[in-house]
K.L.:
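Below you will find the structure I want to go over with you.
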Amino acid sequence: MPELPEVETTRCGVSPHIKNNRVTEVIVRQKKLRWEVSPSLSKNLVGNIISDVSRRGKYLLFESMNGTMLIHLGMSGSLRIIEATEPAGKHDHVDLILENGNALRYTDPRRFGCVLWQKKEEGIHPLLLNLGPEPLSEEFDCPYLYRKSRGRAGLIKSFIMDSKIVVGVGNIYANEALFLAGISPKRAAGNISKARYENLVLSIRKVLERAIEAGGTTLRDFTNSSGEPGYFKQSLNVYGRGGGECRICKTPLKEIRISQRSTVYCPSCQH
DNA sequence: CGAGCAACCTGCATGC
DNA sequence: TGCATGCAGGTTGCTC
């Protein structure tokens, strides 16, 4: 569910409902997530106002006076605004009850996500400390990516999925961006020309921007819709289409595994 | 330092 | 129908 565009969509959907609202109660039903839910979460949030909801990579940051609640959705997490009285399901692990009668509900069947508290005086959270640039920022450009790639023997797909290099490029969009750029996922990162990196940077941006726009479409009924958007499925060129025809040249798409992740590419268009 | 991989968990599709 | 297997949109932290 949550690639960067999904996280951004979540942020946009949740933010207007929670921003400038006061937290009256924090309910933790399951504290064992990827890391234990910060025990001080309730103590620090109750009575305080969420002043802003921002995003760094796939982390959502809920700012308050004395610190930041950091949420990662992992593989299966989601956030919704609900009425505070709505009964909790099996995987509804954390609720932030708001003064206006709504609640922010964190749901995560696989529990790969996290809900953490970072005190203001502790500065930037260790998890955010070594993250690379945002893919949609100016900092992420060809000279940067090319410079980082030199001397790298690892595969280009793993390289662009490395959050120390650039944040927010998950498995779906790594596959899609490499297809758009015409680069084989099996190429060594250090072996690709500057010109092709220019193309790759543009492709990563394009694929993420388009997906965020598509996410924006589902944004309107964000609080009403509980189901999957399904909007981007149609625009995927390779992901989930192994064995199918390349949309450009009709060659059957190959499916392999790179670092245990499903990798699909066109053996004819991508080199 | 870089590269590769196990680990964290549940749900779902598939095959016997 | 039941059970075993493999796979899933992420990321850390361990080995080598």
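Fair warning: this is a prediction, and the values are worked out from it, not measured in the lab. Just so it is clear: chains get the letters A, B, ... in the order the sequence lines come, proteins before strands, and each one is counted from 1.
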K.L.:
Is it true that A:Glu255 and A:Ser262 share a donor-acceptor pair across their side chains at a distance under 3.5 Å?
P.N.:
yes

K.L.:
Has A:Arg56 got its NZ or CZ under 6.0 Å from the middle of the six-membered ring of A:Tyr59, at an angle within 45 degrees of the ring axis?
P.N.:
no

K.L.:
A:Met75 has an atom CE; how far is it from atom C1' of C:dC7, in whole Å?
P.N.:
9 Å

K.L.:
Within this structure, what is the CG-to-P distance between A:Leu4 and C:dG10, rounded to whole angstrom?
P.N.:
11 Å

K.L.:
Does a side-chain N or O of A:Arg257 approach OP1 or OP2 of C:dG6 to a distance below 4.0 Å, or not?
P.N.:
no

K.L.:
Without decimals, in angstroms, what is the distance between A:Phe112 CZ and B:dC8 P?
P.N.:
9 Å

K.L.:
Distance check needed: B:dA3 P versus A:Ile156 CD1, whole Å only.
P.N.:
11 Å

K.L.:
Checking A:Gln118 against A:Thr68: is there a side-chain donor and acceptor pair closer than 3.5 Å?
P.N.:
no

K.L.:
Does A:Ser262 reach a base, just sugar-phosphate, or nothing at all? Heavy atoms under 4.0 Å.
P.N.:
sugar-phosphate

K.L.:
Reading nucleotides 11-16 of chain C from the 5' end, what letters show protein touch, with B for base, S for backbone sugar-phosphate only, - for no heavy atom under 4.0 Å?
P.N.:
BB----

K.L.:
Would you kindly say whether A:Asn66 and A:Ser64 are connected by a side-chain donor-acceptor distance under 3.5 Å?
P.N.:
yes

K.L.:
For the pair made of CG in A:Leu33 and P in B:dT10, what is the distance, rounded to whole Å?
P.N.:
11 Å

K.L.:
Is a side-chain donor-acceptor pair under 3.5 Å present for A:Ser51 with A:Lys19?
P.N.:
no

K.L.:
Between A:Tyr106 and A:Asp108, do the side chains contain a donor N or O and an acceptor N or O under 3.5 Å apart?
P.N.:
yes

K.L.:
Near DNA chain B, which residues from residues 181-189 of chain A have a heavy atom under 4.0 Å away?
P.N.:
none

K.L.:
Is it true that A:Arg11 and A:Glu8 have a side-chain N and a carboxylate O under 4.0 angstrom from each other?
P.N.:
yes

K.L.:
In this structure, how many angstroms lie between the C1' atom of B:dC9 and the OH atom of A:Tyr106, rounded?
P.N.:
11 Å

K.L.:
Are OP1 or OP2 of C:dG9 and a side-chain N or O of A:Tyr173 less than 4.0 angstrom apart?
P.N.:
no

K.L.:
Is it true that A:Glu86 and A:Arg80 make a salt bridge, defined as a side-chain N closer than 4.0 Å to a carboxylate O?
P.N.:
yes

K.L.:
Dot-bracket for DNA chain C: what is it, with Watson-Crick or G-U pairs under 3.5 Å, [ ] where a pair crosses earlier ones, and | for a pair to another strand?
P.N.:
.|||||||.|||||||

K.L.:
Clusters formed by hydrophobic residues whose side-chain heavy atoms approach within less than 4.5 Å: which one holds A:Met65, and what are its other members?
P.N.:
none

K.L.:
Should the pair A:Tyr146 and A:Tyr197 be assigned to parallel (<30°), tilted (30 to 60°) or perpendicular (>60°) ring geometry?
P.N.:
perpendicular

K.L.:
Does A:Lys58 pair with A:Glu6 as a salt bridge, N-O distance under 4.0 Å?
P.N.:
no

K.L.:
Distances under 3.5 Å only, N/O to N/O: pair up the protein atoms with those of nucleotides 11-13 of chain B.
P.N.:
| residue | atom | partner | partner atom | Å |
| --- | --- | --- | --- | --- |
| B:dG11 | OP1 | A:Lys90 | NZ | 3.3 |
| B:dG11 | OP1 | A:His91 | NE2 | 2.5 |

K.L.:
Between atom NZ in A:Lys164 and atom P in B:dA3, what is the gap in whole Å?
P.N.:
10 Å

K.L.:
Counting only heavy atoms not in A:Glu83, do more than 12 fall under 6.0 Å of its CD?
P.N.:
no

K.L.:
Look at the side chain of A:Glu134 and the backbone N and O of A:Val167, then say whether any donor-acceptor pair between them is shorter than 3.5 Å.
P.N.:
no

K.L.:
Which other residues belong to the hydrophobic cluster containing A:Ile258, where Ile, Leu, Val, Met, Phe, Trp and Tyr are joined when side-chain heavy atoms lie under 4.5 Å apart, directly or via other members?
P.N.:
A:Leu155, A:Ile256, A:Tyr265

K.L.:
A:Gln260 CD to C:dA8 P: how many Å, rounded?
P.N.:
10 Å

